[in-house]
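Take a look at the structure set out below.
Values below: every heavy atom of this structure, side chains too, minus hydrogens, waters and symmetry copies.
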Amino acid sequence: MTGQNANDDYTYRSQVNAAIDQLRLALETKDTGERIRLLNGALQNTGNAIGQLALFESDGSRRPERR
């Protein structure tokens with residue numbers, strides 16, 4: 001894996017892991033406001049991870065930039 005691909009993979013995995021952590025914390029908290037904040041953060045991190053995946057073809061090669 002090249003350096004750039006490894007960095008992209010790390011970014012994607014970090015966003016997914018952050019979303020999972022936020023979902024776990026949301027299940028544990030009793031504070032509704034905190035739960036909403038955590039769920040919103042999980043949604044944002046999931047969206048970022050999906051956006052990161054959209055940069056790549058199914059074979060792992062980078063898609064050309066759109067204009």
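Side chains of L55 and R62 form a contact here, defined as non-hydrogen atoms less than 4.5 Å apart. Looking at heavy atoms from C-beta onward, V16 lies out of side-chain contact with N45 at the 4.5 angstrom threshold.
No continuous path of ILVMFWY side-chain contacts below 4.5 Å connects L43 to L53, so the two sit in separate hydrophobic clusters.
Considering CD of Q15 and OH of Y12, their distance stands at 9.5 Å, rounded to 0.5 Å. Taken to the nearest 0.5 Å, the CZ atom of R35 stands 7.0 Å off from the CG atom of L27. Here OG1 of T29 is found 13.0 Å from CD of Q22. Values are rounded to the nearest 0.5 Å. Atom CG of residue L23 and atom OG1 of residue T46 lie 6.5 Å apart, to the nearest 0.5 angstrom.
The side chain to side chain donor-acceptor pair (under 3.5 Å) test applied to R37 returns E34, not counting sequence neighbours. The side chain to side chain donor-acceptor pair (under 3.5 Å) test applied to D59 returns S61, not counting sequence neighbours. Not counting sequence neighbours, the partners of E57 by the salt bridge (Lys or Arg N to Asp or Glu O under 4.0 Å) test are R63.
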